[in-house]
Every structure is written in C-alpha cells, then in structure tokens.
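The structure appears right after this line, and notes come after that.
Everything numeric in this text was worked out from a predicted model, so none of it was measured.
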Amino acid sequence: MEKYNPSKEELASIMKKSPDDMTDIEKEIWKVEVLRSVAETTVKCREILSNVEKTKVKLRDTEKVGAEFEKKWQHFQDKFDKTLGTSATKLDCSVKKSIEGVLKKPKKMSPEDASGLLKEKNNIVILTGASLSAASGIPTFRGNDGLWTKKYKYCETPEELATLKFFKAHPEVEWQCTHDFYELCKNAEPNAGHKAIVQFQEHCKLNGKQCHLVTQNIDDLHARLIRESEILKPTVTSEGEPGFGFTDSVYEIHGNLSYSRCSQECSKALKPVQVPDKELSLEDQIPKCEECKSIMRPHMLCFDECYTQELHQVQTIKNIINSKVDALVIVGTANATTMANKLVNECLSRKILTINVNLEPCCDFGPVIEIKGKPEEILPKLFGSFKPESLKSKVKCKKFVKNVNPNGLKEKQKTYSTALRVIASVIKAEQIGKREKCSI
Ligand SMILES: [Zn+2]
C-alpha cells in the first residue's frame with residue numbers, strides 16, 4: 001500500500017469521522033494516529049512518573065536536609081543560649097565584683113558577735129517585715145497559709161484585694177477581709193522577737209541613744225508593746241487628738257489595720273476598728289464616718305497608692321535615714337516594697353553597718369552582716385546583752401523620781417534616800433557590767 005501522509009487538517013477531519021464512513025486508507029491512517037497518540041501519551045506518562053520519582057527523591061533529600069538543619073539549629077541555639085547565659089553571668093559577676101570592690105562582701109556572723117558591733121552605735125534603725133509576725137500566727141501576705149489564701153468574693157489574688165480599685169468596687173468584701181485580719185491580730189500575741197526589739201528600744205532611750213523602728217507590718221503588734229512600755233509609752237493617745245494611732249517609737253509605713261479613716265478624707269483622723277455585728281449584712285458591717293457619713297476605709301497603704309507624710313510619715317523616715325544613722329537592723333523582710341528597698345539601698349550605699357536577721361539573705365552584695373534564722377530566735381540573742389538588770393534598776397529609779405511628793409520634808413528625804421540607793425545600785429550594776437566587759 002502506498003504510504004499516504006495527510007496534512008494536519010486532513011488528519012483532524014479523518015479523526016472526527018465515524019469508522020463506518022472511512023475509506024480503507026483513512027482507517028489505516030486512523031489506526032496509525034491512535035497508536036501514535038497512545039505511544040505519545042505513554043511517553044508523557046513515563047516522563048511524569050519519572051519526574052514524580054525525582055521529586056520524591058528530592059523531597060526525601062530535603063527532609064534529610066531539614067532534619068539535619070533542625071539538628072544544627074538546635075545545636076546553635078543551645079550554644080547561643082549557653083554563651084549568652086555565660087556572658088550574662090560574667091557581666092553580672094563583674095558588675096557585682098566592681099560594686100563589691102567599692103563596698104564589702106556579705107558576712108555571716110553570730111547574733112552575739114553582731115550585738116558587740118551594735119553597742120558602739122548611737123543612731124540605729126530597725127526595719128521589720130512580715131516574717132517577724134509569723135511566729136505570732138499572722139500569715140505573711142504572699143505565704144501559702146492562712147487568711148490571704150481564703151477566697152473572698154470577686155477577688156482572684158491577695159494583691160488585688162489590697163488595692164484602692166478593689167475597695168471602691170467592693171467595699172463590703174474589703175471590710176470583711178479587714179475585720180477577719182483585725183480579729184486575727186487582736187487575738188495574736190507579740191512574740192520573743194517583738195519583745196527583744198522593744199527592750200532594745202527601751203535601752204536606747206534610757207542611754208541617750210536613738211532607735212527608730214520602721215515596720216511594714218499592719219498588725220499592731222509593735223505598737224501594742226510600745227503602748228504597754230513604761231519607758232516608751234506615747235504621750236498622745238486620746239481618740240480625736242492629733243497623732244492618735246501613731247507613736248513616735250514605731251513608724252508604721254503601710255498603716256495599721258486596727259484603725260480606719262474616712263474614705264472621702266473629710267479628715268485624716270484615725271478611728272479604732274470595732275468587731276462588727278456578724279448578724280448584719282456585709283454592706284451594713286461597713287463603718288461610716290461620724291462627720292460626713294461616707295464609708296470608712298481601712299488604714300492601710302494599698303498597692304495602687306503612694307506614701308504620704310501625713311499618713312505614713314515617709315518624709316520623717318527619709319530625714320532620719322539622711323541624718324546620722326549609723327546602723328540598720330533588717331528583720332524578717334524580703335525588702336520587696338518600695339520604701340523598704342530605698343531605706344536599705346541608702347544605708348548600703350553609705351556603707352552603714354547593716355545587720356540582716358532573716359531566713360533568706362536580703363541582698364547578695366554590700367556590707368551586710370547576715371544572721372540566718374527565725375527572728376523570734378535570733379533577736380533575743382542579738383539584743384539580749386543590753387543589760388536588762390541595769391535597765392530594770394533605771395526604770396525603778398525613774399519611777400521614784402517621778403513619784404516625788406513636793407509636800408512634806410520627811411516624805412522628800414525618804415524618797416531621796418531611796419532614789420540615792422537605787423542610783424547607787426545602778427552605778428554598781430554598771431560597774432559590774434564594765435568589769436564583765438573588761439574580762440571578755
Ligand atoms: Zn468623712
């Protein structure tokens with residue numbers, strides 16, 4: 001058969017025909033064309049398959065590279081982190097070292113030895129915090145036990161509860177918590193730590209030394225002992241008089257929850273908190289201002305408030321620190337609050353003797369004497385050597401002089417001779433004390 005090469009148009013026309021309408025030549029052309037087309041498609045399919053295979057291989061390689069890259073990246077990250085961490089630590093260390101170069105390193109010391117250092121000082125500040133009252137059963141604010149973890153309505157965290165914003169939104173809940181805390185404090189007793197501090201304050205007052213107690217606690221335990229002290233007893237105590245609720249022997253920089261004041265500040269006078277009638281609704285338990293009938297607020301510095309001179313005596317404390325303070329004793333505080341932090345930093349920067357009585361160190365550099373332990377165990381040892389016998393005699397002497405009756409000579413003579421005997425016993429006690437000191 002003669003080979004026939006149709007044109008493209010002829011081929012297209014043949015391919016559209018029905019086999020019945022085709023000539024023999026056209027049928028032959030159709031067969032050849034179909035076979036060619038099948039062969040062409042097969043080739044194309046093979047090509048596609050081959051490409052898919054190639055892609056699969058490439059994908060596998062990529063996966064391998066990906067895993068490899070991931071591994072290398074991780075290694076790089078680890079190395080980077082490590083290097084960064086080491087650099088940060090090195091930088092931190094070098095900064096601390098340079099500070100330590102100027103100052104001194106923290107030093108561990110027994111309370112008895114630290115006590116010896118205090119004897120040479122004349123203007124001492126004692127800064128106390130929540131851990132001091134832990135032994136009296138007052139839970140620390142951020143502690144896991146006790147009152148603060150008790151769930152109060154509308155309140156997620158203890159921090160939220162101690163804000164003015166929360167008080168304004170839910171004063172009845174704020175007062176429910178305040179009343180709970182007030183009752184807890186009222187039933188608590190000052191512990192050996194509080195007692196050792198007040199004894200040291202008395203010693204300082206009788207010996208012409210200055211001892212300023214600054215507390216972050218709002219539990220009234222320091223103030224209670226001071227009110228009971230014959231030597232430190234504040235002169236102004238009557239309700240309604242200026243200064244009521246404050247004593248010059250303790251600066252309560254965060255307030256005192258035994259007192260309340262007008263939330264509208266018609267006056268800044270403090271009023272004692274009372275145990276509420278629990279039969280009343282929470283709203284009715286909120287105390288009201290006698291002057292303007294607004295609700296009262298607890299006398300406590302909230303997290304969203306600033307310190308003031310009038311309520312927190314903050315300028316007085318700054319003046320004390322900036323004057324002639326020669327020793328700072330930190331007790332049971334992490335110095336997390338602004339004022340405490342400033343106070344400690346100021347003393348450290350001026351290289352003032354700083355003694356930290358705490359379970360945790362207060363700062364990891366600076367001229368700090370660290371006495372690790374519970375305040376109620378350490379403070380009696382730190383302050384116990386301040387001659388309690390001599391102190392007692394002096395109190396006795398002071399009482400006699402105070403009770404002198406100006407009428408009646410016999411009475412006078414009797415009182416004077418007794419006073420002289422007491423003074424003689426004081427001198428004797430002091431001489432014994434001096435001898436003991438010399439023998440050491
Ligand atoms: Zn008022």
Side-chain angles (χ1 to χ4, degrees), residues 130 133 136-143 145-188 215-224 227 237-247 250 252-313 337:
S133 294
S136 295
I138 313 288
T140 56
F141 189 73
R142 291 173 180 84
D145 56 334
L147 186 78
W148 300 112
T149 52
K150 183 176 164 182
K151 290 285 169 203
Y152 288 96
K153 208 175 171 185
Y154 311 117
C155 176
E156 297 292 322
T157 61
E159 280 83 1
E160 194 186 348
L161 197 61
T163 60
L164 198 58
K165 191 181 163 195
F166 187 87
F167 171 74
K168 283 178 181 169
H170 311 288
E172 76 290 357
V173 182
E174 189 75 51
W175 269 107
Q176 183 193 14
C177 175
T178 303
H179 284 137
D180 285 349
F181 189 76
Y182 170 69
E183 283 185 65
L184 183 85
C185 298
K186 205 168 155 256
N187 296 323
T215 187
Q216 299 165 84
N217 298 345
I218 52 175
D219 53 29
D220 196 50
L221 295 182
H222 282 304
R224 199 189 298 172
R227 285 194 295 268
T237 49
S238 306
E239 194 183 326
E241 285 182 38
F244 174 72
F246 296 108
T247 90
V250 57
E252 294 166 314
I253 54 173
H254 293 165
N256 181 335
L257 273 194
S258 298
Y259 299 97
S260 63
R261 58 182 205 262
C262 176
S263 63
Q264 294 306 306
E265 300 200 333
C266 73
S267 105
K268 295 233 164 78
L270 301 182
K271 298 273 171 188
V273 168
Q274 307 289 343
V275 178
D277 180 354
K278 298 283 169 69
E279 296 294 312
L280 297 172
S281 68
L282 286 180
E283 279 75 13
D284 289 339
Q285 287 180 27
I286 303 175
K288 307 285 182 309
C289 174
E290 286 170 14
E291 304 302 319
C292 73
K293 310 298 170 202
S294 307
I295 60 170
M296 298 290 273
R297 57 161 288 177
H299 176 48
M300 167 187 77
L301 178 76
C302 292
F303 284 125
D304 49 356
E305 285 184 298
C306 296
Y307 294 95
T308 64
Q309 168 60 17
E310 204 168 5
L311 293 166
H312 316 101
Q313 296 163 295
T337 61

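For the atom pair CD1 (I286) and CG (D284), the distance works out to 8.5 Å, reported to the nearest 0.5 Å. The line from CD of E172 to CZ of F167 is 10.0 Å long, rounded to the nearest 0.5 Å. Note that the CG atom of N256 and the CG atom of D220 stand 4.0 Å from one another [nearest 0.5 Å]. Atom OH of Y182 and atom CD1 of I218 lie 14.0 Å apart (nearest 0.5 Å). Note that CD of E174 is 8.5 Å distant from CG of L164, once rounded to the nearest 0.5 Å. To the nearest 0.5 angstrom, S258 atom OG is 15.5 Å from K271 atom NZ.
C292 approaches C289 most closely through the heavy-atom pair N-SG, 3.4 Å. A pairwise comparison of heavy atoms in A188 and R224 identifies O-NH1, 2.8 Å as the closest pair.
The list of ring-ring contact (aromatic ring centres under 6.0 Å, His included) pairs with a residue in residues 257-293, not counting sequence neighbours, reads F244-Y259.
The backbone N or O of F166 lies less than 3.5 Å from no partner atom in the side chain of H170, so there is not a single donor-acceptor pair. The closest donor-acceptor contact from the side chain of S133 to the backbone of S136 lies at 3.5 Å or more, if one exists at all. In this structure, the side chain of N217 does not engage the main chain of D219 through any donor-acceptor pair within 3.5 Å. Put simply, the side chain of T163 gets close to the backbone of E160: a donor and an acceptor are under 3.5 Å apart.
Under the 30°/60° scheme for interplanar angles, the aromatic rings of H312 and Y307 are found to stand perpendicular.
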Show which side-chain atoms of residues 294-301 pair as donor or acceptor with protein atoms under 3.5 Å away, not counting sequence neighbours.
from: R297; atom 1: NH1; to: E305; atom 2: OE2; distance (Å): 2.7
from: R297; atom 1: NH2; to: M300; atom 2: O; distance (Å): 2.7
from: R297; atom 1: NH2; to: E305; atom 2: OE1; distance (Å): 3.0
from: H299; atom 1: ND1; to: R261; atom 2: NH1; distance (Å): 2.9

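When the shell of 6.0 Å around NZ of K288 is examined, it contains more than 12 heavy atoms from other residues, nucleotides or ligands.
Put simply, the side chain of F303 reaches to within 4.5 Å of the side chain of E159, judged on heavy atoms.
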